[in-house]
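A short write-up of the structure that comes next.
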Amino acid sequence: MSALPRSYNPFAEEEEEEAAAWPARAGGEAGGAERQRSLQQEVLRRSAATADSTARSLSLLYESERIGVAASEELVRQGEALKRTEQMVDKMEQDLKTSQRHINSIKSVWGGLVNYFKAKPPESKPEQNGTPEYYANSRLKEAMMSSKEQESKYQESHPNLRKLDNSDNDFSKADLVSSAQRDSYPKNQHLRAYHQKIDNNLDEMSSGLSRLKNLALGLQTEIDEQDDMLDRLTKKVETLDINIKSTDKKVRQL
């Protein structure tokens, strides 16, 4: 049996094992910190992408609203044209009745006496400055006024119309929320700003969809009213056509 050396340390092997394991533990901690930083960067990247996506959706919403307002204005102009046409048809009908009275006067003395004692039809009042009195339905007018107030927001959100500034990257506005809202957001300043921007965009999108709904309902109401006007105008034109043919026949018999 061999004797142990005098300088033998029974804890030397444990110290050597701990010394060998230390680089591995240090490397593991460094790897964990790197993974954490990578995850944080990924979260920030996804938050920024979400904020940009909601901003683009909001810009499209503003553009749809602007197109809806333009369509509403064109529909109102169409209603004014229909009103002018209806008034012209009414005037033609009135003139045609006057012509028929004159024809009856020419055909016989009896017809002239009848027309003399017959009450004259009321004459239509001329339009002031040639502008018909036509008004869109109240629902459409209110929706148009509400949407027109967002025109400035559309210009600010449109990439070709908005002014060059750094407002999208300004995180100093993060202090403009209440303490309760601030507690619900992440502690990271950049991540908190992204979350606030996403929430603001979603709130504005909700309001915009509500305005678009009111605009669509107003358009539908206006279209229904103009359909009724077209039906009424069609009947008047058919009646006028019959009366014109009848008057022409009487003129040929003179």
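Numbers for residues simply follow the sequence, beginning at 1. Keep in mind that what you see is a predicted model, and the values were worked out from it rather than measured.
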Residues that Glu86 engages under salt bridge (charged side-chain N to carboxylate O under 4.0 Å, His left out), provided they are two or more places apart: Arg232, Lys236
Name all residues meeting the side chain to side chain donor-acceptor pair (under 3.5 Å) criterion together with Thr247; count only those two or more places apart in sequence or in a different chain, and write none if there are none. Gln100
Return the minimal non-hydrogen interatomic distance between Leu219 and Leu140, and the atom names on each side. N-CD1, 3.8 Å
Might you work through the salt bridge (charged side-chain N to carboxylate O under 4.0 Å, His left out) test for Arg56 and Asp52, ending with a clear yes or no? CA-CA 6 Å; Arg56 287 193 298 269; Asp52 292 339; 5.2 Å; no
Residues that Asn214 engages under side chain to side chain donor-acceptor pair (under 3.5 Å), provided they are two or more places apart: none
If you look at every heavy atom in Asn201 and Thr54, which pair is closest and at what distance? ND2-OG1, 2.9 Å
Salt bridge (charged side-chain N to carboxylate O under 4.0 Å, His left out) involving Asp248 - partner list, sequence neighbours excluded: Arg252
Lys/Arg-Asp/Glu bridge criterion (N-O < 4.0 Å) met for Glu204, Arg211: yes
Look at the side chain of Ser53 and the backbone N and O of Ala49, then say whether any donor-acceptor pair between them is shorter than 3.5 Å. no
For Arg46, side chain to side chain donor-acceptor pair (under 3.5 Å) partners two or more places apart: Glu42
Does Lys148 have any side chain to side chain donor-acceptor pair (under 3.5 Å) partners at least two apart in sequence or in another chain, and if so, which? Glu73
Any chance you could measure Leu75, atom CG, to Glu225, atom CD, to the nearest 0.5 Å? 10.0 Å
Verdict with supporting geometry, Glu238 and Lys235, salt bridge (charged side-chain N to carboxylate O under 4.0 Å, His left out): CA-CA 5 Å; Glu238 292 174 353; Lys235 294 178 181 179; over 6 Å; no
